[in-house]
Amino acid sequence: MDLVGACRAFVSVSERGSFTVGAAAARMSQPVASRRIAALEAHFGEPLFERTSRRAVLTPFGREMLPAARQLVLAADVVHQEAEAAKRKPWRLAVPGICPTADLARLVADARGHGVTLELRAGPPPRRLELIRSQQVRAALLPVTRDEAMWSVPLGLAGAQDPGVKRVYLETLRMGRADPEPARRVWIQPEDDTPHIRDPLTRLRDAVGLRPVQLAVADDLTTAAADVLCSRDLLLCSPAQARELALIWRPIGEIALTRGYALTAAAPGDPHHIQARLGDAIARCLGAEGAPA
């Protein structure tokens with residue numbers, strides 16, 4: 001038995017003194033209201049209304065039960081209102097600052113299609129970690145190793161000029177003592193300034209004999225891209241970023257590097273429903289492997 005629905009019919013009919021009018025006020029048909037009230041009477045084992053009168057007249061038992069039934073209906077209405085308000089409340093998500101605006105817009109639009117009002121906070125990894133720790137967001141896309149990742153993004157080197165090879169080896173950037181050209185640098189953008197990306201690349205730099213200055217962390221992606229566009233420097237980035245910046249991308253010859261992302265919730269949140277509904281749209285924003293076109 002639908003106890004709330006039965007009590008709603010009981011309260012509405014009792015307040016209006018008519019099964020027909022009470023049923024209409026409760027937005028149900030008169031037969032439905034009658035069946036629900038009959039079920040409630042069977043449940044209690046006592047009649048709620050006198051059946052001999054044209055009007056719906058409460059029995060003494062009905063008068064005793066009316067306040068509790070009214071309280072139950074009001075409480076159910078409050079629960080429904082709170083649920084609707086919770087669904088309308090923005091679901092805040094921290095995302096990488098490098099995600100293209102068009103893809104983020106599609107992510108927000110897709111979320112609305114699932115009944116979720118998504119509110120995005122963009123920033124580099126330290127900022128996203130701060131947002132999740134302070135619970136200013138419900139969840140964040142944080143960098144993790146490939147083994148821990150839900151989404152993986154291949155990294156390589158991109159430059160303004162076609163290198164003429166399928167892979168770029170860092171050892172080819174090694175400078176001779178009499179080399180008149182300035183040292184070519186590899187720029188690491190803030191999004192990739194994480195130990196599982198920066199440290200292997202630093203070890204490779206030292207192993208192939210590059211100068212320390214040839215591997216540099218940029219203040220921001222725009223500045224790094226500008227340096228690459230006006231020189232022979234290279235940018236560590238994803239294929240999607242290279243296309244967006246009109247750069248020519250190649251994998252690194254000596255090492256395979258990957259950005260890994262996982263959706264991390266602020267305790268005690270659970271982001272799995274967001275991951276399940278919006279996983280493809282998130283992958284598109286990240287430029288992840290297997291992302292929809």
Side-chain angles (χ1 to χ4, degrees), residues 95-101 103 122-127 141 143-146 149 151-261 283-291:
V95 298
I98 59 173
C99 294
T101 301
D103 291 331
R127 174 57 178 162
L141 289 164
V144 295
T145 64
R146 186 184 181 97
W151 298 276
S152 296
V153 183
L155 294 176
L157 298 175
Q161 302 172 11
D162 189 337
V165 293
K166 293 183 178 180
R167 291 178 176 271
V168 174
Y169 287 82
L170 250 66
E171 65 177 358
T172 61
L173 307 184
R174 188 168 54 239
M175 301 290 296
R177 291 184 178 179
D179 199 326
E181 296 291 331
R184 296 178 67 189
R185 291 169 295 184
V186 172
W187 287 102
I188 300 176
Q189 53 187 296
E191 185 63 28
D192 298 319
D193 189 18
T194 58
H196 61 274
I197 295 176
R198 180 190 62 245
D199 293 352
L201 201 56
T202 301
R203 289 193 293 269
L204 177 59
R205 176 202 67 188
D206 297 339
V208 300
L210 299 188
R211 300 173 184 175
V213 73
Q214 288 186 264
L215 184 62
V217 177
D219 292 333
D220 56 78
L221 175 58
T222 302
T223 302
D227 284 332
V228 169
L229 286 168
C230 65
S231 71
R232 297 173 63 235
D233 289 353
L234 299 171
L235 175 67
L236 182 70
C237 67
S238 68
Q241 284 183 299
R243 288 193 296 271
E244 183 182 1
L245 297 168
L247 299 175
I248 300 172
W249 187 92
R250 294 290 185 270
I252 302 174
E254 298 99 336
I255 191 173
L257 293 176
T258 303
R259 278 185 203 142
Y261 291 100
R284 187 185 300 114
C285 290
L286 300 173
E289 295 174 323

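Fair warning: this is a prediction, and the values are worked out from it, not measured in the lab. When a residue number appears, it is its place in the shown sequence, counting from 1.
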Practice problem: Could I get the full list of side-chain contact (heavy atoms from CB on, under 4.5 Å) partners for P100, not counting sequence neighbours? | Solution: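 Residues passing side-chain contact (heavy atoms from CB on, under 4.5 Å) with P100: D103, E244.
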
So which heavy atom on [X] is nearest to which on [Y], and how close?
X: L221; Y: L235; answer: CD1-CD2, 3.9 Å
X: T258; Y: H196; answer: O-CD2, 4.2 Å
X: C237; Y: W249; answer: O-NE1, 2.9 Å
X: L245; Y: L229; answer: O-CD2, 4.2 Å
X: C99; Y: L286; answer: SG-CD2, 4.2 Å
X: P125; Y: T194; answer: CG-CG2, 4.4 Å

Practice problem: Kindly compute the distance separating CZ (R185) from CG (D233), expressed to the nearest 0.5 Å. | Solution: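 It comes to 4.5 Å.
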
Quiz item: From T172 OG1 over to L170 CG, what is the distance, rounded to the nearest 0.5 angstrom?
Solution: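 The distance works out to 7.0 Å.
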
Donor-acceptor pair, side chain of [X] and main chain of [Y], under 3.5 angstrom:
X: Q189; Y: L236; answer: yes
X: T223; Y: D220; answer: no
X: Q214; Y: L173; answer: yes
X: R184; Y: R232; answer: yes
X: R174; Y: V208; answer: yes

Self-check item: L157 and V186: CA distance, side-chain angles, deciding distance, side-chain contact (heavy atoms from CB on, under 4.5 Å) verdict
Solution: CA-CA 8 Å; L157 298 175; V186 172; 3.7 Å; yes

Quiz item: Please, which pairs that meet salt bridge (charged side-chain N to carboxylate O under 4.0 Å, His left out) have at least one residue in residues 248-258, sequence neighbours excluded?
Solution: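 Residue pairs with at least one partner in residues 248-258: D162-R250.
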
Practice problem: Determine whether V95 and C285 make a side-chain contact, defined as any pair of heavy atoms from C-beta on separated by less than 4.5 Å. | Solution: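 Sidechains of C285 and V95: no contact.
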
Practice problem: Compare all side-chain heavy atoms of P251 with those of P154 and state whether any distance is below 4.5 angstrom. | Solution: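 SC-SC contact between P251 and P154 ruled out.
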
Quiz item: Hey, mind stepping through I197 and I188 against side-chain contact (heavy atoms from CB on, under 4.5 Å) and telling me if it holds?
Solution: CA-CA 9 Å; I197 295 176; I188 300 176; 5.5 Å; no

Exercise. Walk me through it: do R259 and I98 pass the test side-chain contact (heavy atoms from CB on, under 4.5 Å)?
Key: CA-CA 12 Å; R259 278 185 203 142; I98 59 173; 3.4 Å; yes

Self-check item: The single option from L201, I252, D192 passing side chain to side chain contact (heavy atoms under 4.5 Å, CB included) against L155
Solution: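 Running side chain to side chain contact (heavy atoms under 4.5 Å, CB included) over L201, I252, D192 with L155 returns exactly one hit, D192.
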
